[in-house]
Trainee: 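Here it is: the structure, laid out below.
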Amino acid sequence: MAKEISIDIKIADKEEKGKVFSSGTTLKEMLDSLSINNKEDYVAALVNKTLKELNWKIYKNSEIEFIPTSSVIGFDLYKRSIILLMLKAAKDVLCKPEGSYRIEVMYSLGNGFFCRLEDAEIEITDELLGKIKERMHELVKEDLPIGKRIAYTPDMRRRFMERDLPGKASLLKYRRASRTNVYYLDDYEDYYYGYMVPSTGCLKQFDLVAYDDGFVLVIPDKQTLKLPDEYVAPNKLYNVLRKSEDWGKRLNITCVGELNNNIVAGKTNELILVQEALMEKQIADIAEHIVEEDRKIVLIAGPSSSGKTTFSNRLSIQLKAHGLSPHPIAMDNFFKEREDTPLDADGKYDFESIRALDLQLFNDTMSALLRGEEVQMPTFDFTVGKKVFDGQTLRLNDGDVLVVEGIHALNPLSTEALPKESSYKIYISALTQLNIDEHNRISTTDTRLLRRIVRDARTRGNSATRTISMWPSVRRGEQLNIFLFQEEADVMFNSALIYELSAIKQFAEPLLFGVPEDSDEYYEAKRLLKFLDYFIGIDVQSIPQNSLMREFIGGGCFKV
């Protein structure tokens with residue numbers, strides 16, 4: 001007779017303590033025993049704060065929290081699994097042997113992933129995409145299980161080379177473990193970074209839309225799990241990602257395995273110098289555009305840990321090289337007085353809201369400067385929550401240019417009183433050009449989080465636990481205040497460095513290992529550690545002092 005175990009269960013807003021099951025019961029069986037609606041919305045569980053798939057068996061007393069698709073963790077599973085579903089459906093529709101074609105999942109584009117089909121004989125058409133989408137819906141209706149098996153790593157390397165997936169093969173070359181988890185859906189199998197949903201029946205919302213020389217796998221909104229009424233591609237974002245992809249190809253590095261190959265071959269210093277030269281050229285080009293178009297106000301915005309401070313300094317140096325005199329201005333100095341600051345839903349001061357800024361004063365100040373007037377410049381005293389006018393004045397002379405940095409710099413409300421021809425808007429973000437392999441992307445969010453963990457530990461004394469705990473709030477602010485306006489920019493600057501994760505690895509790992517196992521942040525720390533394990537670390541001594549990377553790892557020449 002099976003031993004009985006006691007399980008404390010948390011699901012949605014409900015908790016059931018001391019629920020009795022037989023030892024060896026799966027998480028899926030436990031979920032099915034609960035009296036709740038929409039059980040298909042739950043795709044995984046945290047077992048004693050460790051993420052497990054629903055086919056995991058429990059043998060001892062445990063605390064279990066079931067994870068819905070709408071959560072950050074659950075939605076990651078959804079996105080990963082929808083890619084597997086698409087690749088399986090494409091295999092069925094194309095009816096070609098694996099290795100004679102290749103589908104690559106390139107980068108995130110709004111509510112979707114841009115994908116490319118590498119096969120000269122096949123043209124991406126609405127008809128072809130319609131057939132693949134139809135097959136995806138059939139597989140969802142069949143509710144097929146998504147399985148996992150353990151494979152011998154060298155065997156999978158050979159198998160992926162036969163299937164013309166060199167990115168996966170080179171990734172596994174540097175895998176220390178002799179065994180590798182491989183997921184399969186019917187007769188299609190693949191390697192993925194992270195867990196999957198239990199079955200295809202969980203993957204009801206998706207679309208396929210032809211775009212440029214590929215197509216977009218459209219995914220639902222995380223909160224509503226519904227598709228947009230119409231998918232609209234962010235064209236400017238796509239163009240900068242495409243340019244970064246071209247840079248990677250020029251360096252012969254498009255995935256992690258190829259980066260590791262270059263490091264092992266002793267090409268690290270050359271790689272750093274070429275990447276830094278490419279970035280400096282882009283900054284110089286932006287400065288040249290500003291000069292040629294005679295823009296007087298440069299507005300810079302981007303999400304957290306994009307490297308805005310270093311970029312602003314390097315852009316200012318390039319503007320000086322063109323004979324201009326840049327004046328840095330922080331929009332934070334135009335905050336409203338503390339008593340006038342809006343409150344969020346929890347009754348706390350909402351400093352991320354654009355309503356926290358004194359937009360009238362900002363527009364009046366910028367307008368007066370453009371008219372050539374001398375104006376009093378405020379400094380915001382955060383200790384007392386008030387603007388201070390301490391006699392600091394500014395007047396724009398010939399050759400002067402204002403360099404304004406702030407999270408709301410691209411929001412049209414920030415500059416509604418200014419003539420459009422006077423402003424030059426720059427969106428900056430770490431738009432990672434590397435992929436893990438052909439089907440596993442490197443999330444821009446992960447890159448920025450690792451940057452922030454390292455920087456905040458060095459400059460603010462924050463633990464990785466604290467930084468990870470604050471990250472969801474930071475992300476919500478970005479969604480509301482930054483990403484919505486990225487297409488307003490005159491230019492997008494990609495601050496990602498192709499070598500940076502190999503550089504930041506040695507700084508981030510000790511901090512992540514310090515996250516307590518009993519903390520809510522432990523899962524995220526463990527996930528990031530697994531991610532960093534793909535990379536071979538590098539010596540950072542040869543990274544230049546003015547590199548954007550120095551803003552995070554230290555040793556730079558700019559004050560941050």
Side-chain angles (χ1 to χ4, degrees), residues 26-28 31 39-44 51-56 67 69 73-105 112-113 115 117 119 128-153 155-157 159-160 162-165 167-169 171-172 179-208 215-220 225 435-441:
T26 67
L27 290 167
K28 180 68 166 59
L31 178 64
K39 293 177 185 176
E40 67 275 8
D41 291 344
Y42 294 88
V43 291
L51 186 65
K52 300 295 182 184
E53 291 169 308
L54 291 185
N55 60 0
W56 185 262
I67 303 298
T69 307
I73 296 174
F75 198 59
D76 279 345
L77 269 68
Y78 189 100
K79 290 185 290 185
R80 200 174 296 122
S81 304
I82 206 75
I83 291 171
L84 173 63
L85 177 68
M86 180 270 292
L87 293 169
K88 159 62 178 168
K91 176 180 182 292
D92 292 350
V93 170
L94 295 174
C95 293
K96 298 186 70 173
E98 293 180 82
S100 64
Y101 72 94
R102 181 170 72 239
I103 294 177
E104 296 182 355
V105 181
F113 302 122
C115 306
L117 173 61
D119 190 321
L128 175 62
L129 293 177
K131 290 179 179 179
I132 296 175
K133 185 165 65 172
E134 182 181 358
R135 180 58 182 148
M136 290 173 72
H137 281 297
E138 291 173 353
L139 292 168
V140 170
K141 190 174 181 180
E142 293 176 37
D143 195 21
L144 298 176
I146 295 176
K148 180 168 66 176
R149 71 180 183 89
I150 298 175
Y152 187 45
T153 302
D155 286 347
M156 290 312 303
R157 282 190 62 205
R159 177 80 178 107
F160 286 135
E162 292 170 357
R163 291 170 56 184
D164 191 28
L165 296 171
K168 289 183 182 291
L171 182 76
L172 294 182
R179 306 286 177 177
T180 297
N181 288 327
V182 179
Y183 285 94
Y184 58 89
L185 175 53
D186 195 20
D187 62 345
Y188 181 84
E189 68 176 12
D190 206 348
Y191 174 76
Y192 287 92
Y193 158 57
Y195 288 157
M196 294 283 188
V197 303
S199 67
T200 57
C202 302
L203 306 170
K204 294 182 172 64
Q205 297 291 321
F206 54 83
D207 199 2
L208 298 177
F215 64 94
V216 176
L217 171 58
V218 184
I219 58 175
L225 296 181
N435 280 342
I436 295 175
D437 58 39
E438 290 84 358
H439 303 148
N440 290 274
R441 298 173 43 259

Trainee: Does some side-chain heavy atom of Asp186 sit less than 4.5 Å from a side-chain heavy atom of Lys88?
Mentor: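 In short, these two side chains touch, coming nearer than 4.5 Å.
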
Trainee: With rounding to the nearest 0.5 angstrom, report the CG to CZ distance, Asp155 to Arg179.
Mentor: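 One gets 8.5 Å once the value is rounded to the nearest 0.5 Å.
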
Trainee: Ignoring hydrogens, what is the shortest heavy-atom contact between Leu54 and Pro198? Give both atom names and the distance.
Mentor: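 Shortest heavy-atom separation between Leu54 and Pro198 comes out as CD1-CG, 3.8 Å.
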
Trainee: Rounded to the nearest 0.5 Å, what separation is found between the CG atom of Leu165 and the CZ atom of Arg157?
Mentor: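 Answer for the CG-CZ pair, Leu165 versus Arg157, is 13.5 Å.
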
Trainee: Could you give the distance from OG1 (Thr200) to CG (Leu139), rounded to the nearest 0.5 Å?
Mentor: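 Those atoms lie 6.0 Å apart.
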
Trainee: Within 45° of the ring axis of Tyr152 and under 6.0 Å from its six-membered ring centre, is that where the NZ or CZ of Arg159 lies?
Mentor: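 No, cation not above the ring by the 6.0 Å, 45° rule.
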
Trainee: Using modelled atom types only, decide if a donor and an acceptor are shared between the side chain of Asp207 and the backbone of Leu217 within a distance under 3.5 Å.
Mentor: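 Not at all, since once roles are kept as given, no pair shorter than 3.5 Å links the two residues.
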
Trainee: Output yes when a side-chain donor or acceptor of Asn440 lies under 3.5 Å from a complementary backbone atom of Tyr193, and no otherwise.
Mentor: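 Side chain of Asn440 to backbone of Tyr193: a pair is present.
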
Trainee: Rounded to the nearest 0.5 Å, what separates atom CD1 in Ile103 from atom CD in Glu98?
Mentor: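 If I round to the nearest 0.5 Å, the distance is 10.5 Å.
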
Trainee: If you apply the rule side chain to side chain contact (heavy atoms under 4.5 Å, CB included), what do you find for Arg441 with Ile436, and how did you get there?
Mentor: CA-CA 6 Å; Arg441 298 173 43 259; Ile436 295 175; over 6 Å; no

Trainee: Ignoring hydrogens and geometry beyond distance, is a side-chain donor-acceptor pair present between Tyr192 and Asp190 at under 3.5 Å?
Mentor: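 Indeed, the side chains of Tyr192 and Asp190 share at least one donor-acceptor pair under 3.5 Å.
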
Trainee: If you compare all heavy atoms of Met86 against all heavy atoms of Ile132, which two are closest, and at what distance to 0.1 Å?
Mentor: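 Residues Met86 and Ile132, closest heavy atoms: O-CG2, 4.3 Å.
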
Trainee: For Asp41 and Thr69, does a side-chain donor sit closer than 3.5 Å to a side-chain acceptor?
Mentor: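 Checked: Asp41/Thr69 side chains show no N/O donor-acceptor pair below 3.5 Å.
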
Trainee: Which atom names give the shortest non-hydrogen contact between Leu208 and Leu129, and what distance separates them?
Mentor: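 Taking every non-hydrogen atom into account, CD1-O, 3.7 Å.
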
Trainee: Has Lys96 got more than 12 heavy atoms of other residues, nucleotides or ligands less than 6.0 Å from its NZ?
Mentor: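 Yes, NZ of Lys96 has more than 12 neighbouring heavy atoms, counting only those of other groups under 6.0 Å.
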
Trainee: Which atoms form the tightest heavy-atom contact between Pro145 and Leu185, and what is the distance?
Mentor: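 Looks like O-CD1, 3.8 Å.
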
Trainee: Set out, in order, the CA-CA distance, both residues' side-chain angles and the distance that settles side chain to side chain contact (heavy atoms under 4.5 Å, CB included) for Arg163 and Glu189, then state yes or no.
Mentor: CA-CA 11 Å; Arg163 291 170 56 184; Glu189 68 176 12; 4.2 Å; yes

Trainee: For the residue pair Lys168 and Phe160, would you count it as a cation-pi contact if the rule is NZ or CZ under 6.0 angstrom from the ring centre and within 45 degrees of the ring axis?
Mentor: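 That pair qualifies as a cation-pi contact.
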
Trainee: Does any part of the side chain of Arg102, heavy atoms only, come nearer than 4.5 Å to the side chain of Asp119, both counted from C-beta?
Mentor: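 When only atoms from C-beta onward are counted, Arg102 and Asp119 do not touch, as no gap falls below 4.5 Å.
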
Trainee: Do Phe206 and Lys133 touch side chain to side chain, with heavy atoms closer than 4.5 Å?
Mentor: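 Yes. Closest side-chain heavy atoms under 4.5 Å.
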
Trainee: Quick check, are the ring centers of Tyr191 and His439 under 6.0 angstrom apart?
Mentor: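 No: the rings miss the under 6.0 Å criterion.
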
Trainee: Between atom NE2 of His137 and atom CD of Glu142, what is the distance when rounded to the nearest 0.5 Å?
Mentor: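 The distance works out to 13.5 Å.
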
Trainee: Any heavy-atom pair between the side chains of Tyr183 and Arg149 that's under 4.5 Å?
Mentor: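 When only atoms from C-beta onward are counted, Tyr183 and Arg149 do not touch, as no gap falls below 4.5 Å.
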
Trainee: Give me the atom names and distance for the closest heavy-atom approach of Cys202 to Glu40.
Mentor: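 Heavy atoms only, the tightest pair is SG-O, 4.0 Å.
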
Trainee: Go through it in stages, so that I can follow the logic: the residues are Thr26 and Asn55, the test is side chain to side chain donor-acceptor pair (under 3.5 Å), and I'd like the CA-CA distance, side-chain angles, deciding distance and then a yes or no.
Mentor: CA-CA 5 Å; Thr26 67; Asn55 60 0; over 6 Å; no

Trainee: Hey, are the side chains of Gln205 and Tyr78 touching, using non-hydrogen atoms and a 4.5 Å cut-off?
Mentor: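 The answer is yes; the side chains approach within 4.5 Å.
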
Trainee: Is the closest basic N to carboxylate O distance between Arg135 and Glu138 below 4.0 Å?
Mentor: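 Yes, Arg135 and Glu138 are salt-bridged.
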
Trainee: What verdict does the side chain to side chain contact (heavy atoms under 4.5 Å, CB included) test give for Leu172 and Thr180, after you've listed the backbone C-alpha separation in whole Å, the side-chain angles of each residue and the deciding distance to 0.1 Å?
Mentor: CA-CA 9 Å; Leu172 294 182; Thr180 297; 4.1 Å; yes

Trainee: Quick one: are Val216 and Phe113 in side-chain contact, heavy atoms under 4.5 Å?
Mentor: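 Result no, sub-4.5 Å side-chain heavy-atom pair not found.
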
Trainee: Is Ile146 close to Leu84 at the side-chain level, that is, under 4.5 Å between some pair of heavy atoms?
Mentor: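 A side-chain contact exists here, since the closest heavy-atom pair is under 4.5 Å.
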
Trainee: Using side-chain contact (heavy atoms from CB on, under 4.5 Å) as the criterion, point out the one residue from Ile82, Leu87, Ile83 that pairs with Leu85.
Mentor: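 It is Ile82; the other options fail the test.
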
Trainee: Which heavy atom of Val197 sits nearest a heavy atom of Ser81, and at what distance?
Mentor: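 What the structure gives for the nearest pair is N-OG, 3.0 Å.
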
Trainee: Would you find more than 12 non-hydrogen atoms of other residues, nucleotides or ligands less than 6.0 Å from Lys148 atom NZ?
Mentor: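 Check passes, neighbour count above 12.
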
Trainee: Answer whether the closest heavy-atom distance between the side chains of Lys52 and Leu27 falls below 4.5 Å.
Mentor: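 Side chain of Lys52 against side chain of Leu27, heavy atoms only: contact under 4.5 Å found.
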
Trainee: Could you go through Lys91 and Asp187, starting from their C-alpha distance and side-chain angles, then the distance that decides it, and tell me whether this counts as side chain to side chain contact (heavy atoms under 4.5 Å, CB included)?
Mentor: CA-CA 10 Å; Lys91 176 180 182 292; Asp187 62 345; 3.0 Å; yes

